[in-house]
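The structure under discussion appears below in the form of structure tokens.
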Amino acid sequence: MSEPTRILPCPNCRKPVRWSAANKHRPFCSERCRLIDFGDWVDERNRIPGEPLEDVSTEDLERRE
């Protein structure tokens, strides 16, 4: 007996999405929603919280070697 297919909301548009191997865009409903989300990461509108990184110049890197 196979497991029931889960239906979850698309993270972008909230449309119901069937969570299965047949859905090549999961967790998104479409290629469009997947690319919109990717663009948000590229433009840094989506971020993972953490400690700020120290800016390091090329000169600093050369001094450390």
Side-chain angles (χ1 to χ4, degrees):
M1 189 166 152
S2 65
E3 291 185 29
T5 303
R6 295 173 59 191
I7 297 178
L8 302 167
C10 172
N12 186 52
C13 71
R14 311 309 289 170
K15 176 181 169 184
V17 177
R18 188 173 303 276
W19 188 273
S20 71
N23 179 0
K24 65 180 182 178
H25 304 296
R26 76 176 171 206
F28 302 100
C29 66
S30 64
E31 176 77 3
R32 179 181 178 276
C33 280
R34 187 179 70 79
L35 290 174
I36 289 170
D37 182 74
F38 179 69
D40 287 344
W41 285 101
V42 169
D43 291 339
E44 297 184 357
R45 287 187 290 258
N46 291 347
R47 299 181 190 163
I48 297 173
E51 295 296 320
L53 297 175
E54 173 186 335
D55 284 340
V56 179
S57 69
T58 306
E59 293 173 4
D60 291 338
L61 290 173
E62 290 171 354
R63 281 189 225 130
R64 293 180 185 178
E65 291 179 351

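- Sorted by first then second residue, the side-chain hydrogen bond (donor to acceptor under 3.5 Å, both in side chains) pairs that include residues 6-23, not counting sequence neighbours, number zero.
- Take R32 and apply the side chain to side chain contact (heavy atoms under 4.5 Å, CB included) test, not counting sequence neighbours, and it matches S30, I36.
- Residues meeting the side chain to side chain contact (heavy atoms under 4.5 Å, CB included) test with P11, sequence neighbours left out: P27, F28.
- When hydrophobic side chains of Ile, Leu, Val, Met, Phe, Trp and Tyr are connected at separations under 4.5 Å, V17 ends up as a singleton with no cluster partners.
- Applying the side chain to side chain contact (heavy atoms under 4.5 Å, CB included) criterion to R47, with sequence neighbours excluded, gives E44.
- Between C10 and C29, the shortest heavy-atom contact is SG-N, 3.6 Å.
- In terms of the side-chain hydrogen bond (donor to acceptor under 3.5 Å, both in side chains) criterion, residue partners of D40 (sequence neighbours excluded) are, by chain and number, R45.
- Contacts of L35 classified as side chain to side chain contact (heavy atoms under 4.5 Å, CB included), with partners at least two apart in sequence or in another chain: E31.
- Applying the under-4.5 Å side-chain rule to Ile, Leu, Val, Met, Phe, Trp and Tyr, the cluster around V42 extends to F38.
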